[in-house]
Peer 1: 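I have a structure here, written as structure tokens, and I will follow up with some questions on it.
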Amino acid sequence: MTAEDLAVLDAEFGAVCARIEPLFYRPESRAHARGYLRGLLAPLEKKNGWTIAEFTGAPEPKRVQRFLNLTPWDADRLRDLLVGYAMEHFADERAVLIADPTGFAKKGRKSAGVQRQYSGTQGLAPAPVGTGPHAVGNRWRHPHGG
């Protein structure tokens, strides 16, 4: 990835944040939303309050937790904004959405509801199955999840 690519991605991130920032009344909440979104997009091994807080430079997750638990915002309006963004940038009348159930390795010893089952990616193993939506269009494909 080149410096120009990073500049384009940073500008696009800023444009997305500019769309959603009006949902948050206080400047601090807008900054927390921007930082939280950066944390969700970051290549962190685990994404939780601690790791995202550390990634954004906070000494502890209290600010992130307070933002998530107490900041008022309109989830329906956020959904509408993000759907509008996706339609502007990814709409293709010939595109299809594919649901892809994929098994992935169980990590740890305390995963709820996980039992040995066959997974095409791992054989017979304790493997949870996650279904990820993937959009495929004429000129592009975009895995979104899974």
Side-chain angles (χ1 to χ4, degrees), residues 1-108 110-112 114 118-123 125-146:
M1 185 167 283
T2 67
E4 293 83 19
D5 294 335
L6 290 174
V8 168
L9 289 174
D10 192 53
E12 194 61 34
F13 180 80
V16 169
C17 288
R19 283 180 186 235
I20 67 170
E21 284 176 349
L23 296 173
F24 303 99
Y25 306 113
R26 298 176 51 109
E28 298 87 354
S29 297
R30 292 183 195 119
H32 290 312
R34 184 179 284 257
Y36 185 70
L37 186 54
R38 272 206 194 274
L40 290 176
L41 295 172
L44 301 172
E45 185 176 334
K46 292 183 178 183
K47 295 180 182 172
N48 58 44
W50 275 105
T51 59
I52 291 175
E54 289 173 350
F55 179 80
T56 62
E60 59 186 4
K62 285 183 183 176
R63 291 179 190 160
V64 172
Q65 291 167 344
R66 191 173 29 238
F67 167 71
L68 293 173
N69 293 324
L70 301 175
T71 301
W73 54 282
D74 185 346
D76 292 332
R77 179 78 177 121
L78 177 61
R79 180 206 54 225
D80 294 345
L81 289 169
L82 295 178
V83 166
Y85 176 85
M87 294 303 292
E88 287 173 25
H89 294 278
F90 303 114
D92 181 343
E93 63 187 34
R94 294 174 289 185
V96 295
L97 184 65
I98 300 168
D100 176 27
T102 301
F104 50 92
K106 175 182 164 255
K107 295 182 181 178
K110 297 183 180 181
S111 299
V114 176
Y118 180 77
S119 166
T121 57
Q122 300 183 87
V129 175
T131 301
H134 300 269
V136 180
N138 187 36
R139 296 170 297 175
W140 51 267
R141 62 186 181 144
H142 179 70
H144 188 73

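Only a predicted model underlies this, so the values are computations on that prediction, with no experimental measurement involved. Keep in mind that the numbers below use all heavy atoms, side chains included, and drop hydrogens, waters and symmetry copies.
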Peer 1: Just verifying a value: how many Å separate Trp73 CH2 and Leu78 CG, rounded to the nearest 0.5 Å?
Peer 2: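 Between Trp73 CH2 and Leu78 CG, I get 5.0 Å after rounding to 0.5 Å.
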Peer 1: Is Phe13 atom CZ crowded by more than 12 heavy atoms from other residues, nucleotides or ligands, each under 6.0 Å away?
Peer 2: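 Yes.
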Peer 1: Check Pro61 against Ala53 and note the closest heavy-atom contact, atom names and distance.
Peer 2: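 Between these two residues, the closest heavy atoms are CA-CB, 3.7 Å.
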Peer 1: Can you list the steps and then say if Asp76 with Arg79 is a side chain to side chain contact (heavy atoms under 4.5 Å, CB included)?
Peer 2: CA-CA 5 Å; Asp76 292 332; Arg79 180 206 54 225; 3.3 Å; yes
Peer 1: Nearest 0.5 Å please: distance from the CZ atom of Phe67 over to the CZ atom of Phe24.
Peer 2: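 CZ of Phe24 is found 4.0 Å from CZ of Phe67.
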Peer 1: Any carboxylate oxygen within less than 4.0 angstrom of a Lys/Arg side-chain nitrogen, looking at Glu28 and Arg66?
Peer 2: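 Arg66 and Glu28: not salt-bridged.
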Peer 1: Which pair of heavy atoms, one from Ser29 and one from Thr71, lies closest together, and at what distance?
Peer 2: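 For Ser29 and Thr71, the tightest heavy-atom pair comes out as OG-CG2, 3.5 Å.
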Peer 1: Backbone N or O of Arg77 within a donor-acceptor pair of the Asp80 side chain at under 3.5 Å?
Peer 2: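 Checking the backbone N and O of Arg77 against the side chain of Asp80, no donor-acceptor pair under 3.5 Å is found.
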Peer 1: For residues Arg34 and Cys17, report the shortest heavy-atom separation together with the two atoms involved.
Peer 2: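 Residues Arg34 and Cys17, closest heavy atoms: NH2-CB, 3.3 Å.
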Peer 1: Looking only at atom types and distance, does a side-chain atom of Thr51 sit under 3.5 Å from a main-chain N or O of Lys46, one as donor and one as acceptor?
Peer 2: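 Confirmed, Thr51 side chain pairs with Lys46 backbone.
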Peer 1: Is the backbone N or O of Ile52 less than 3.5 Å from a side-chain atom of Thr56, with the two atoms forming a donor-acceptor pair by type?
Peer 2: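 Yes; at least one donor-acceptor contact below 3.5 Å.
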Peer 1: Is a donor on one side and an acceptor on the other found under 3.5 Å between the side chain of Asn69 and the backbone of Gln65?
Peer 2: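 Yes; judged by distance alone, with no hydrogens or angles, the pair exists.
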Peer 1: Check this for me: Arg30, atom CZ, are more than 12 non-hydrogen atoms of other residues, nucleotides or ligands nearer than 6.0 Å?
Peer 2: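 Check passes, neighbour count above 12.
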Peer 1: Check whether more than 12 heavy atoms from other residues, nucleotides or ligands sit under 6.0 Å from atom NZ of Lys47, and answer yes or no.
Peer 2: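 Result for NZ/Lys47: enclosed.
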Peer 1: Could you check if a side-chain atom of Leu37 sits within less than 4.5 angstrom of a side-chain atom of Ile20, using non-hydrogen atoms only?
Peer 2: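 Yes - at least one pair of side-chain heavy atoms lies under 4.5 Å apart.
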